[in-house]
4 protein chains.
Amino acid sequence: MKGGGKMKRNAKETEKKILEAAIGIFSKKGFSAATTSEIAKAAGVAEGTIFKYYPKKKDLLHTAMKEAIHLFVASMAVDSLKKVIKEKKEAPIEELLKAVIVDRINFLENQGPLIKVIFYEMQFHEDLRELFLEKLSENITQIVPQILQERKEKGEIKNIDSMVAIRSFIGMILAMIFQRQFIPQINKIEPMEEIDLIVDIFLNGIKR
Amino acid sequence: MKGGGKMKRNAKETEKKILEAAIGIFSKKGFSAATTSEIAKAAGVAEGTIFKYYPKKKDLLHTAMKEAIHLFVASMAVDSLKKVIKEKKEAPIEELLKAVIVDRINFLENQGPLIKVIFYEMQFHEDLRELFLEKLSENITQIVPQILQERKEKGEIKNIDSMVAIRSFIGMILAMIFQRQFIPQINKIEPMEEIDLIVDIFLNGIKR
Amino acid sequence: MKGGGKMKRNAKETEKKILEAAIGIFSKKGFSAATTSEIAKAAGVAEGTIFKYYPKKKDLLHTAMKEAIHLFVASMAVDSLKKVIKEKKEAPIEELLKAVIVDRINFLENQGPLIKVIFYEMQFHEDLRELFLEKLSENITQIVPQILQERKEKGEIKNIDSMVAIRSFIGMILAMIFQRQFIPQINKIEPMEEIDLIVDIFLNGIKR
Amino acid sequence: MKGGGKMKRNAKETEKKILEAAIGIFSKKGFSAATTSEIAKAAGVAEGTIFKYYPKKKDLLHTAMKEAIHLFVASMAVDSLKKVIKEKKEAPIEELLKAVIVDRINFLENQGPLIKVIFYEMQFHEDLRELFLEKLSENITQIVPQILQERKEKGEIKNIDSMVAIRSFIGMILAMIFQRQFIPQINKIEPMEEIDLIVDIFLNGIKR
DNA sequence: TATGAATGAGTGTTCATTCAT
DNA sequence: CATGAATGAACACTCATTCAT
């Protein structure tokens, strides 16, 4: 009846619960349609508590976005990919690309909601858009060319614009993921078979 | 004390103005963040007028979506593409594909906002999602395979799954459009050059 | 498409249709909950037409009320009752009272909706209340005492306050009508039998 | 930019204030004509606060009705009357009836607004009507016959249908109350005198 | 005279935000 | 620190009323 806390006292944990609940709701309904009361319920805190940590609703979005950007850009473009690339440095390029695809599919399956929020809200919030794209382009221009550079030098692949090549590859994969997610009924072949096929098309496409 | 009639009287036109304003606002801010007062202002009508034509705000979205679906699915997948394909039937496949890309870029430039609305809101509204995907998968499964069939028979290209090939091609194009829209600064080559390159990669990828 | 009338042109008739539709709707939902659009539809006219005849919605109510008051007060308290009383002047008083009851039940069955509107809206609109009660009290004080005066003089009934007696009788009848309308299931005896019983109670009650 | 909490915190009290304000306004203007903004002002709360307790305006009516029904049916038909009847069990029947009338007048004077709401809105809302009448008829059929039964057995009064007798008595009283409320100017005798007269009429009417 | 498209003040309702406890 | 009752600006939506045709 009196005001005051009941649950465990762990500010960091509470903050995290709120942020995670917010990401969940944002990804289900979008930022505008999500309500703070809903988020509070999902986080298991009182509505007022949210505002101790995030004075404005938009702060929730910003924090989520910053985390997402870090995850998406740093993790996606850098860490994870770098790892794959390094591990497979000596492997045939087919194997490298397949590993990349599988890695990306896993990434999207785990970080899907967050990614969704990024892409949805980026459209509407100039500040977020800039933040995201700045980070992204920074990393992309650094990392992407390296991936194919070595192979080009070895003469395995054509001397084409690396960005275009990589981006095309990404487009193929995303199109596959998107289609398998939303219109799975039109598929006639198995996922692994499909991955092979995509890699095959891509490699034939760019090889000398 | 209450309002009265003033402006021109043309129901059909008013309805259209409202719908167009709505699509514009929806695509700028998303459905939830858009307000009817804002839409009214953009349409140049009183707020109450909107509700004569669209009793619920969601009706605006639904109507926009139905129109969008018709445009996107029927027009995109069928009419326009069919035309391109027929016109270029005897042309080399490179030319066909380039024509398709240019046609799609034009389409997206003109119908961009509408398309954006579709993809945003589809995520959140089950009913819209079903409506869209049903139409889309219907058409895709009919049209897409025809595009490559002939070339396969002539032995120009590999005997691979047409859906995967086409989808990969679409993915490449969309990735290009998306990147050029949002991170244009990382581009090093000219659009037409890029189109040539994409077609080249794709054709090499699938040719026998 | 162009503005302009289609139907018969008969102002008086149109006006009447509107008023009747209004009374119907008012009695179904009350004045406030009734909408002019609903009334227009029920009257078979365009919404704007209503305001040619009744510039304000309240005018509809006022006109209905005036008609109702005329009907209810003049007709109920005066004409109809007078007629019954005159016809049965020489009849035994039991017969007179039964005739009155039957007459009143008929009246209410025919004029029910209008009566309902009177009693409902009277509560909220001071002006209507005054109009109604003024008329009513005028007539009641003139008519009511005459009904029993003669019988009193003949020594058939006690020399009690006529108003109280008559009002009690009216109360008995209205209670019967109300109960039969809303809780008919609790009745054990037939209507005519019940009328006999009420008259019997009343007459025994007032007889010397 | 948006509001904040200020006043005392007592949910139960706030809820009650709102309900009472609502009953007051409903009884003054009817449900439809009452506005939530008006109710909020009368209750001394912000408009939004109302909806924390009663998510829909109609919920206010329903809650008021349920309370009213309980009060009216349970209290009126059962508790209060039972008490009177028990207290006066050995008293002459005249005294019993007078006590009943006085008790009822007091009841209506105190609960008037609530009762008014019941009778108004019952006409328009099927659900309320059913709720009310169900409760009412349940109780009436249980309580009413008991009132006269004993007297019948003692041979003091005729062996007539108890329901009709009681209802007639209620009708007489309500007619008195109604008339005294709305057309007080036509009265020539004092209230207590009038009560005596009504009881006299009724008793003579039903005595053997 | 009748129409019905258009109006806009006003209604019920929502929700981010505040603050006494 | 956390609560949740309270707030009020803003929203979707209604409806009596006006007026060009």
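Remember, it's a predicted structure, so these values are computed and weren't measured experimentally. What you see below is based on every heavy atom in this structure, not just the backbone, and it leaves out hydrogens, waters and symmetry mates.
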> Starting at CD of A:Glu15 and ending at C1' of F:dA2, how long is that distance when rounded to a whole Å?
Replying inline: 14 Å
> Between F:dT14, E:dT18, F:dT7, which nucleotide has the shortest distance from any of its atoms to the side chain of D:Val45?
Replying inline: F:dT7
>> Does F:dA6 have its OP1 or OP2 closer than 4.0 Å to a side-chain nitrogen or oxygen of D:Tyr53?
In response: yes
> Do D:Glu15 and D:Lys12 pass the side-chain contact (heavy atoms from CB on, under 4.5 Å) test, and can you show the C-alpha distance, the side-chain angles, and the key distance before you say yes or no?
Replying inline: CA-CA 5 Å; D:Glu15 188 172 354; D:Lys12 267 280 168 289; 4.0 Å; yes
> Can you find a side-chain donor-acceptor pair between A:Thr36 and A:Glu47 that sits under 3.5 Å?
Replying inline: yes
> Taking CD from B:Glu13 and C1' from E:dA6, how many angstroms apart are they, rounded to a whole number?
Replying inline: 14 Å
>> What is the separation between atom CG on B:Leu60 and atom P on F:dA12, rounded to the nearest whole Å?
In response: 11 Å
> With no hydrogens and no angle check, is any side-chain donor or acceptor of C:Glu38 less than 3.5 Å from a backbone partner on C:Thr35?
Replying inline: yes
> E:dA2 phosphate, OP1 or OP2: any side-chain N/O from C:Thr14 under 4.0 angstrom?
Replying inline: yes
> Expressed in angstrom and rounded to an integer, what is the separation of A:Lys57 atom NZ from E:dT18 atom P?
Replying inline: 15 Å
>> If you compare all heavy atoms of A:Ala43 against all heavy atoms of A:Ile18, which two are closest, and at what distance to 0.1 Å?
In response: CB-CA, 3.9 Å
> Taking atom P of E:dG4 as reference, at what distance in whole Å does atom CZ of B:Phe51 sit?
Replying inline: 23 Å
> Closer to the 5' end of DNA chain F via nearest nucleotide, is it D:Glu47 or A:Glu47?
Replying inline: A:Glu47
> If you draw a 6.0 Å radius around NZ in D:Lys28, do more than 12 non-hydrogen atoms from other residues or ligands fall strictly inside?
Replying inline: no
> Just how far, in rounded Å, is P of F:dG8 from NZ of D:Lys41?
Replying inline: 12 Å
>> Show the nearest heavy-atom pair for residues D:Gly24 and D:Ser27, with the distance to one decimal.
In response: O-OG, 2.9 Å
>> From CD1 of B:Ile39 over to C1' of F:dC11, roughly how many Å is that when rounded to an integer?
In response: 12 Å
> What does D:Lys52 touch in the nucleic acid at a heavy-atom separation under 4.0 angstrom: a base, only the sugar-phosphate, or nothing?
Replying inline: base
> Hey, can you pull the residues of residues 22-36 of chain A with a non-hydrogen atom under 4.0 angstrom from DNA chain F?
Replying inline: none
> In terms of the nearest nucleotide of DNA chain F, which residue is placed more toward the 5' end: D:Ile50 or B:Thr49?
Replying inline: D:Ile50
> Can you name the nearest heavy-atom pair linking B:Ala64 to B:Ile23, along with the distance?
Replying inline: CB-CG1, 3.7 Å
> Between C:Phe51 and C:Pro55, which heavy-atom pair has the shortest distance, and what is it?
Replying inline: CD2-O, 3.3 Å
>> Could you report the tightest heavy-atom contact between C:Ile39 and C:Ala21, atom names first, then the distance?
In response: O-CB, 3.8 Å
> So which one's nearest nucleotide on DNA chain E is more toward 5', B:Ala46 or D:Pro55?
Replying inline: B:Ala46
>> In whole Å, I'd like the distance from the CG atom of B:Asn10 to the P atom of F:dA20.
In response: 17 Å
>> Using the ring-ring contact (aromatic ring centres under 6.0 Å, His included) criterion, which residues pair with D:Phe26? Sequence neighbours excluded.
In response: D:Phe31
>> Taking only side-chain N and O atoms of C:Tyr54, does any of them lie within less than 4.0 angstrom of OP1 or OP2 on F:dA16?
In response: no
> For A:Gly48 and D:Gly48, take the nucleotide of DNA chain E holding the closest heavy atom to each; which residue's nucleotide lies nearer the 5' end?
Replying inline: D:Gly48
>> Can you give me the dot-bracket string for DNA chain E, 5' to 3', counting Watson-Crick and G-U wobble pairs with both distances under 3.5 Å, using [ ] for crossing pairs and | for partners on another strand?
In response: .||||||||||||||||||||
